[in-house]
Structure formats: structure tokens, C-alpha cells
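It should be emphasised that the depicted structure is a prediction, and the values quoted were computed from it without experimental measurement. The chain is numbered in sequence order, starting from 1. Computed over heavy atoms, backbone and side chain alike; hydrogens, waters and symmetry mates excluded.
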Amino acid sequence: MIHPAVSRVPIILGLIFFYQPLTLVGQDSSSAMTDAQKQEVISTLLALGELSKPGLIQQGDSIVENEEFARLLDDSLYRQQIYPHTYSWEEAGLLLEQKEFKKALWYLINLYPESEENKLKTIQVSLALGSVIKIDEAFTNTFSTYCYTDPEVSTVVNGEAEIQRPDILESKMRDLKELLAYVRAVQERGS
């Protein structure tokens, strides 16, 4: 059985992504989008745009941090919000509803290896998301944003992440590769 927070995802995604702007020429004004609806669509698109931004970007000889990664390095209270002691499906669902897509994907990355049931749920949610976004890119960018400041992996000292547990980092990376391989396999079978 799919968890209620997970079963809401396709509905939420449907509302977000298949929202038809009804401002075409020839339609009456009663079917036009309201300003609030337009703002909702714009805020969703902006939130989705964050999924295309990796945490670290190589520019020439330098590595540049995105805003989220820099905030994780600088703000210990924010890090506490991002990295709970226990990841939950309820919180992942709330993050999706709040359009915190990258944070929700980080939850999925951490929920995935906990059990076979979690693996199945994570694959289902990833497939739903993958029908409307580039899921490989989104997960990869999410991982590069959050993995290096994860307290299970590193400590942040003077605004720099010091990796203490490369084994955990590698394990999370293996889990993500496995998840994406399953998602790709199911997508290819469905094509």
C-alpha cells in the first residue's frame, strides 16, 4: 500500500504541471487565469528551476557554490532544519506541497535505503516526478547540494565542510545510483 503522503504526489504534480493557462485569444474572460493562479504557476516554475542548479559548479579552475550550498555552510540552524535525525514520508510530502522540491528529493535519497518498502515508495515517487522533470539531473543536483554538509558525512568548521565519513558519502551515492538505475529501467520498459 502506498503511504498517503506518497499517493498525493501524482495529484500535486498533476495540478502543478498540467495547469492549463487559459489566456488564449478567443476565450472569454471567465476562463482566464487569475493573477493568483498566474503567481502560483510562476512560483512553481521558479521552485522547479532550482532542481537544475548543482550545489557545486566548476568554473574554470574554481569551484563555485550555489546559494543553497553557501547557506548550508554558513547557517548551523538552517542545517538542523535540512538534516533531521529521522527522515519521514510525512515531511517529504509536506516539502513537495510547499514546493521545496530539492529538499523533498534529499528526503527521498535518505528514505530510500531504509527498507524494501521505502525503496518501492521512493521509486514510485521518482517515476511520478520523472514524468514531468529530468529526474536524473534533479537528483544529481540535489545530491551535490546537500551531501557534503550532511552531518552524517561531515562537520562544518569555519564555513567549510570537512568530510569525516567518506564511507557514508559513498554509500549514499551508491544508493542514489541504484535508485536512478531502477527508475531508468522502469521508464525504458514503459516507453
### Query
Is Asn158 close to Glu160 at the side-chain level, that is, under 4.5 Å between some pair of heavy atoms?
no
### Evaluation steps, side-chain contact (heavy atoms from CB on, under 4.5 Å), between Leu94 and Glu97
CA-CA 5 Å; Leu94 287 173; Glu97 287 177 14; 4.1 Å; yes
### Query
When rounded to the nearest 0.5 angstrom, what distance separates CZ in Phe139 from CG in Leu180?
6.5 Å
### Task
Consider only side-chain heavy atoms of I, L, V, M, F, W and Y, link residues closer than 4.5 Å, and tell whether Leu56 and Ile109 are in one cluster.
yes
### Task
Examine distances only and state if a side-chain atom of Asp75 and a backbone atom of Arg71 form a donor-acceptor pair shorter than 3.5 Å.
no
### Task
Say whether Leu120 and Val125 are linked into one hydrophobic cluster, either directly or through other cluster members, by side-chain heavy-atom distances under 4.5 angstrom.
no
### Message
I need the Lys177 NZ to Asp175 CG distance, nearest 0.5 Å.
### Response
11.5 Å
### Query
Just how far is it from atom CG of Asn141 to atom CG of Leu105, taken to the nearest 0.5 Å?
10.0 Å
### Heavy-atom check, side chain of Gln80 versus side chain of Leu77, under 4.5 Å
yes
### Query
Quick one: CG on Leu111 to CD on Glu91, what's the gap to the nearest 0.5 Å?
10.5 Å
#### Entry: Residue pair Ala161 / Ser154: nearest heavy atoms and the distance that separates them
CB-OG, 4.1 Å
### Message
Would Tyr112 and Ser126 count as a side-chain contact (heavy atoms from CB on, under 4.5 Å) here? Give the steps.
### Response
CA-CA 11 Å; Tyr112 176 77; Ser126 299; over 6 Å; no
#### Entry: Sub-4.5 Å side-chain heavy-atom contact between Asp150 and Asn110
yes
### Query
Is there side-chain contact between Arg79 and Ile82, with at least one heavy-atom pair below 4.5 Å?
no
### Query
Is a side-chain N or O of Thr149 found less than 3.5 angstrom from the main chain of Leu73, in a donor-acceptor match?
no
### Summary
In terms of heavy-atom contacts, Trp106 and Cys147 come closest through CH2-CA, 3.7 Å
### Partner of Tyr146 by side chain to side chain donor-acceptor pair (under 3.5 Å), out of Lys103, Lys172, Glu68, Lys102
Glu68
### Message
We want to know whether Glu90 and Tyr107 form a side-chain donor-acceptor pair, criterion being a heavy-atom distance below 3.5 angstrom.
### Response
no
### Task
Give a yes or no on whether Glu67 atom CD has more than 12 heavy-atom contacts from other residues, nucleotides or ligands under 6.0 Å away.
no
#### Entry: Leu108 side chain near Leu129 side chain, heavy-atom distance below 4.5 Å
yes
### Query
If we only count heavy atoms from C-beta on, is the Asp136 to Arg184 side-chain gap below 4.5 Å?
yes
#### Entry: Close side-chain approach of Val153 and Tyr148, heavy atoms under 4.5 Å
no
### Query
For Tyr87 and Glu114, does a side-chain donor sit closer than 3.5 Å to a side-chain acceptor?
no
### Message
Taking Ala138's backbone N and O only, do any of them form a donor-acceptor pair with Thr142's side chain (distance below 3.5 Å, no angle check)?
### Response
yes
### Task
Under the salt bridge (Lys or Arg N to Asp or Glu O under 4.0 Å) rule, what do Glu117 and Lys121 come out as? Steps first, then yes or no, please.
CA-CA 6 Å; Glu117 181 183 355; Lys121 288 179 187 178; 3.1 Å; yes
### Residues Phe143, Leu169; criterion side-chain contact (heavy atoms from CB on, under 4.5 Å); working and verdict
CA-CA 10 Å; Phe143 190 81; Leu169 179 62; 3.9 Å; yes
### Query
Heavy-atom count around Tyr182 OH within 6.0 Å, excluding the residue itself: above 12?
no
### Cluster link Val157 to Ile163, ILVMFWY, side chain under 4.5 Å
no
